[in-house]
Structures are given as structure tokens and as C-alpha cells.
Engineer: 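Have a look at this one.
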Amino acid sequence: MNGYNFAYLDEQTKRMIRRALLKAVAIPGHQVPFGSREMPLPYGWGTGGIQVTASVLGAADTLKVIDQGADDTTNAVSIRRFFARTAGVATTTDTNEATIIQTRHRIPEKALREDQIIVYQVPQPEPLSKLEPSRAETRRMHALAEYGSMHVRLYEDITRFGHVAISYDYPVMVNHRYLMAPSPIPAFDNPKMHMMPALQLFGAGREKRIYAIPPYTDVRSLDFDDHPFRTTRAPQCCALCGADDSYLDEVVTDDQGGRMFVCSDTDHCETRQAEGHTGTGEPIAREAAE
Amino acid sequence: MTEETLLSARGLSLHFGKVPALVNVDADLWPGEVLAVVGESGSGKTTLLNVLSGRIRADSGVTWYRDPQSRLHDVHAMPAPALRALHRSDWGFVHQNPRDNLRMSVSAGGNVGERLMAAGNRHYGNIREAAIDWLAQVEIDPARVDDMPRTFSGGMLQRLQIARTLVTHPRLVFMDEPTGGLDVSVQARLLDLIRSLVARLNIAVVLVTHDLAVARLLAHRIMVMQRGEVVETGLTDQVLDDPQHAYTQLLVSSVLQA
């Protein structure tokens with residue numbers, strides 16, 4: 001960690017981010033502006049998440065970084081190495097061991113605990129952005145809790161497809177008050193946010209916003225009374241560990257339409273394999289997949 | 001009249017720089033009544049509408065609105081959330097250009113249902129039923145409930161806007177040239193529709209128009225404006241058949257007789 005302050009950011013910046021975090025925790029789901037810094041990675045790669053992580057990281061913490069559930073993808077590996085070098089903290093791929101988990105677009109399958117913090121990377125913090133282009137107006141809508149237009153979007157989906165077709169970044173209502181974008185996690189993960197024992201922090205670097213969900217907070221996915229929220233997953237079992245309840249990635253294995261469905265959470269999959277669970281291990285042909 | 005007014009304005013004045021847009025305007029509107037504001041372009045009609053509906057603040061004067069519980073509210077002193085809630089529920093606004101009010105990328109049903117959803121209705125089936133019912137009431141084929149407004153004609157768009165506005169059964173609707181820009185046969189049909197809906201639902205309307213024929217057909221009472229001043233006011237037939245003020249006489253005599 002020579003040549004860098006602990007966890008890369010200078011202490012004044014961390015202090016500013018912690019102030020924003022405190023405010024965010026005090027008002028669950030409310031977007032707090034903060035002075036986002038240039039980070040040594042491109043926008044869209046987690047500049048918001050990495051600043052939040054840097055601000056809450058302590059020397060005794062154990063860090064886990066996942067990207068779409070996987071510990072071994074470029075984004076996850078580089079951020080993990082970044083903090084190993086600039087903060088000298090222990091890193092892990094085991095969800096159980098981690099005290100801070102920075103994530104891009106997934107929540108681990110394993111239930112999180114009270115002594116853990118999960119940091120989300122957020123590309124677009126404003127859930128109303130697709131309906132109302134003006135930020136001044138969306139802020140007013142948040143202030144007055146005018147969220148009827150969001151239901152218009154759900155109405156359109158049901159009208160067109162027979163069900164709500166938002167598969168990721170499914171808008172949620174936090175603590176019965178603020179509409180919040182849960183970052184592009186699959187709708188499958190939305191129920192995990194409800195009453196989660198761990199602290200959830202969200203950082204959007206390019207949009208310069210921080211928001212948070214304190215532990216044990218009510219988080220509801222928007223729905224209609226006669227079209228309740230429901231999650232979807234591929235109907236297959238994991239080809240490696242046989243899990244039938246985890247979120248699956250579809251991996252194309254050849255140019256003949258063969259594909260494999262495997263857990264997107266690599267740690268969950270490896271743990272299950274170590275416990276003796278096995279899947280078919282074989283790709284499935286095009287017909288079987290459809 | 002012994003009944004209490006729904007909306008009352010006293011001494012409204014507003015200047016845009018040196019231009020007087022409103023000069024000491026008084027207005028009263030009773031429940032279920034249609035009040036037409038007529039005058040030439042630039043006479044302050046639309047400004048008056050915007051001030052009455054709380055969208056613009058006047059330099060001086062006061063506007064009172066009486067809610068269903070018979071409490072009086074000063075429209076310009078109301079907190080913004082209350083005024084916005086009023087605009088979403090008890091009040092409606094029909095624009096000259098329906099594209100200003102409609103969501104063009106949302107189906108007709110979604111457009112009609114938006115005010116219901118904003119009012120907290122969370123039952124898809126009921127919202128859709130109400131939307132279909134309202135499309136039928138404004139004479140749009142209910143089979144087009146899932147079509148995009150961009151596939152609708154100008155007259156249909158205007159009727160869709162009216163359905164969207166009336167779905168929450170407002171008590172007071174502000175209309176700004178609702179028939180402007182439509183051809184004459186479509187205008188006639190739309191006027192007929194507005195007249196029957198307003199009478200059946202007992203809605204009070206402030207109608208801004210430059211077209212005396214529209215005022216004659218829809219309005220119970222009429223206000224004639226010139227350079228921000230109300231020059232004449234009274235029952236529609238009385239004012240149009242026996243205009244007293246020189247400007248009103250000019251207006252009435254300048255209408256082409258077909």
C-alpha cells in the first residue's frame with residue numbers, strides 16, 4: 001500500500017462520502033448527492049460502488065467482490081486486487097467470511113447477516129428516469145411521493161405482455177415512502193432486499209448519488225393487486241451443482257444451439273459442489289432447452 | 001343565486017413587464033356552471049385561466065376554491081403538494097394541444113388510467129375497465145384501448161384527453177381552446193360531447209375560447225375580455241344578443257354568418 005492513502009481515497013473525501021452515507025441511511029431509499037471523484041476505472045465499471053467501499057472499509061475487514069454473481073470476472077478481480085493493494089485488507093470469495101461485499105447486479109444466494117455490508121454498483125439511481133427526463137421534476141415527484149406514473153409503466157407491460165416484463169432493476173418502494181431503483185439486479189433478487197439483516201449501500205459514481213437501505217427495512221416491489229409481483233428464473237437445474245432454486249446463467253457451449261445453465265453465484269455453486277451436490281455436467285441440446 | 005360559489009376571484013392583476021395581462025379581474029363560478037372567457041388573442045384569457053388554476057401567481061388579488069367539505073382554500077397560498085393533489089383529483093385541465101397532456105408513448109388505456117393510478121388505485125382489472133368505459137363515453141372504439149395515441153386522429157386525441165381528465169370525476173375543469181385546430185365537423189361533434197358530459201356529470205367549467213359560437217353552445221355565462229380587463233359579463237344569450245360594450249358589439253358583429 002505504498003504511495004497511497006489507506007483505501008486509495010484521501011481522508012477528506014472519505015469523510016464527505018460517509019456524511020452522505022449517514023444521511024442516506026437516515027432516509028431509506030432517498031438519493032443523496034455527493035462529490036463523486038475520478039477513480040482509476042471507467043464509468044460503468046463501479047466507480048460509485050468503489051468509492052462507497054473505500055469509505056466504509058477498515059483494516060480488519062474482509063472484502064468480497066462479485067460481478068453478476070461471479071467472483072472471477074474481470075471487474076470483480078480488478079476491484080478486489082485494487083483494495084488488496086491500496087488497503088491491504090483480506091479478500092475472499094466466500095460469502096460467509098466477507099464483512100463487506102461489493103456487487104454488480106446480483107445479491108448472493110446465501111442470506112446475509114447483521115455484521116455484513118453489501119455495496120451495490122449503480123448505473124442509474126433514478127427509477128423515474130425513463131418516465132420523466134427532468135431531474136428537477138423527478139426530485140419534486142419524490143418529495144411529494146407522486147409515483148402514479150410508475151404504475152403506468154407496469155400497466156403498459158401487463159397490457160402488452162400479460163405480465164410485468166421488467167426483468168432487472170425492478171422498482172421497489174422502500175419503507176413505504178421512497179421509490180428506489182435497486183440497481184440492475186434481477187427481479188429474482190428483489191425479495192432478498194426486504195427485511196435484510198445486512199446494511200445495503202448504493203453508489204452511483206457518474207450520476208453522483210448515494211442511497212441506502214438500513215437493516216430490517218421494508219422493501220416492496222411495485223405491483224397491482226390482481227397482478228402480484230412474482231420472480232422468474234430459468235426452469236432448469238444448475239448443470240454443475242444441481243440447484244433448482246438459484247438464479248441461473250445461460251452459457252452457450254457450441255454453435256449448434258447447445259447451452260448449459262449454471263448458477264450465476266459462483267461461490268454458492270462451489271460450496272454446493274464441495275458438499276457433494278452434482279448436476280448433469282452436460283450441456284443440453286437446443287430442443288431440450290426450449 | 002343563493003348557492004355558494006365553487007371558485008371566486010377578486011381583484012386579480014398581473015403585468016408582464018409593462019404589458020397588463022390582467023387588470024382588476026373579478027370572477028365567480030358556481031358548481032355545475034360553464035363560464036366562457038372570450039376575447040381577441042392577447043386579451044389575457046389564457047393568463048386568467050392559468051391564474052385561476054394556480055399555475056401562475058397574480059401580482060395582487062385572491063382566488064378562493066371551495067372544496068367538497070365546503071372549506072375555502074386560497075389557491076395561491078396553498079402548499080404545492082395540496083395544489084398538485086387538487087389538480088390530480090378534483091380539478092382537470094384540457095389543453096388546446098392534446099399532445100401537451102397525453103403521454104404519446106403510452107397506450108390509450110394507460111393514458112386514461114394514469115389519474116386513477118396516481119389517486120392510488122392498484123387494481124389492474126378495475127383500471128382497465130374504467131379506461132374502456134371512458135373511451136366508450138367519449139365515442140372512441142373501446143377496441144382501440146391498447147393502441148398508441150400517435151395512431152389517433154386530432155379529434156380522437158382531443159376526446160382521449162377529455163377521457164383522461166374526466167376519469168377521476170373532477171368537479172372543476174379548465175379548458176383552453178378545446179376545439180382549436182380541429183375542422184368544423186369534428187368541432188361540432190366534440191362540442192356536443194363536451195356539452196352532454198358536462199351536463200350529465202355536473203362539472204363546472206372555465207372555458208377559454210376566441211370562438212363565440214363555442215361559447216354560445218356550451219356556456220351558461222360569458223366574460224368578455226379586452227387588454228386584460230373584463231369589459232362585459234352576463235348570461236351568454238344576453239351578452240351575445242344584446243351586447244352593451246362597444247368591444248363586445250364589435251366582436252359579435254364580426255362573426256361571419258354562414
Side-chain angles (χ1 to χ4, degrees), chain A residues 27 30 126-166 170-180 187 190 194 218-230, chain B residues 54-55 78-92 100-132 134-135 142-151 160-161 163-165 167-168 170:
Chain A
I27 317 171
H30 172 64
E126 180 50 72
L128 299 164
S129 64
K130 284 182 187 147
L131 300 161
E132 174 53 62
S134 155
R135 285 297 172 274
E137 183 60 20
T138 56
R139 261 161 55 194
R140 205 169 296 133
M141 289 161 83
H142 281 296
L144 304 176
E146 279 180 9
Y147 296 136
S149 53
M150 200 69 217
H151 270 88
V152 174
R153 191 175 158 206
L154 304 191
Y155 173 96
E156 285 295 287
D157 268 9
I158 296 173
T159 302
R160 228 180 285 174
F161 308 111
H163 59 95
V164 178
I166 307 172
Y170 193 107
V172 293
M173 202 65 171
V174 178
N175 202 23
H176 310 289
R177 176 58 181 85
Y178 280 99
L179 187 71
M180 191 193 89
N190 271 19
H194 178 61
D218 191 278
V219 179
R220 304 278 177 189
S221 305
L222 292 192
D223 60 3
F224 283 105
D225 297 344
D226 49 346
H227 285 267
F229 173 78
R230 58 187 176 82
Chain B
R55 290 150 58 102
M78 271 172 110
L83 187 63
R84 283 172 75 113
L86 203 57
H87 269 286
R88 282 203 313 270
S89 54
D90 261 11
W91 289 6
D100 291 348
N101 197 3
L102 295 170
R103 286 179 189 272
M104 295 307 280
S105 55
V106 167
S107 70
N111 266 299
V112 177
E114 179 170 356
R115 271 170 77 108
L116 290 174
M117 291 182 245
N121 198 319
R122 293 288 178 266
H123 191 283
Y124 175 82
N126 294 352
I127 293 168
R128 196 172 165 75
E129 210 170 285
I132 289 172
W134 269 98
L135 288 185
R144 302 203 60 178
V145 63
D146 296 337
D147 289 357
M148 290 293 156
R150 64 170 175 271
T151 65
L160 182 62
Q161 188 191 191
R164 170 185 164 91
T165 307
V167 66
T168 51

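First the proteins, then the strands, lettered A, B, ... as listed; each starts at 1.
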Engineer: Please determine, among A:Asp223, A:Leu131, A:Asp225, the option with the most heavy-atom pairs under 4.5 Å with chain B.
Structural biologist: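 Among A:Asp223, A:Leu131, A:Asp225, the one with the most close pairs to chain B is A:Asp225.
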
Engineer: Please tell me whether A:Arg160 and B:Ser107 have a donor and an acceptor in their side chains that are separated by less than 3.5 angstrom.
Structural biologist: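 The criterion, which ignores hydrogens and geometry beyond distance, is not satisfied for B:Ser107 and A:Arg160.
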
Engineer: After noting the C-alpha distance and the side-chain angles of B:Trp134 and B:Arg164, does the key distance pass the side chain to side chain contact (heavy atoms under 4.5 Å, CB included) rule?
Structural biologist: CA-CA 8 Å; B:Trp134 269 98; B:Arg164 170 185 164 91; over 6 Å; no

Engineer: Side chain, backbone, both or neither: which part of B:Arg103 has an atom under 4.5 Å from a heavy atom of chain A?
Structural biologist: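 The answer is the side chain of B:Arg103.
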
Engineer: Find out whether A:His142 and A:Pro127 are in side-chain contact, i.e. whether some heavy atom of one side chain is under 4.5 Å from a heavy atom of the other.
Structural biologist: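 Yes - at least one pair of side-chain heavy atoms lies under 4.5 Å apart.
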
Engineer: Is A:His227 in contact with chain B via its backbone, its side chain, both, or neither, using a 4.5 Å heavy-atom distance?
Structural biologist: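 Contact with chain B involves the side chain of A:His227 alone.
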
Engineer: Answer with side chain, backbone, both or neither: which region of A:Arg153 has an atom nearer than 4.5 Å to a non-hydrogen atom of chain B?
Structural biologist: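 No part of A:Arg153 comes within 4.5 Å of chain B.
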
Engineer: With side chains defined as the heavy atoms from C-beta onward, is the minimum distance between B:Asn101 and B:Thr165 less than 4.5 Å?
Structural biologist: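 When only atoms from C-beta onward are counted, B:Thr165 and B:Asn101 do touch, with a gap below 4.5 Å.
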
Engineer: Need one label for A:Ile158: side chain, backbone, both or neither, based on atoms under 4.5 Å from any heavy atom in chain B.
Structural biologist: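 The answer is both parts of A:Ile158.
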
Engineer: For side chain to side chain contact (heavy atoms under 4.5 Å, CB included), just list the numbers for B:Met117 and A:Val152, CA-CA rounded to whole Å, side-chain angles, deciding distance to a tenth of an Å, and then say yes or no.
Structural biologist: CA-CA 7 Å; B:Met117 291 182 245; A:Val152 174; 4.1 Å; yes

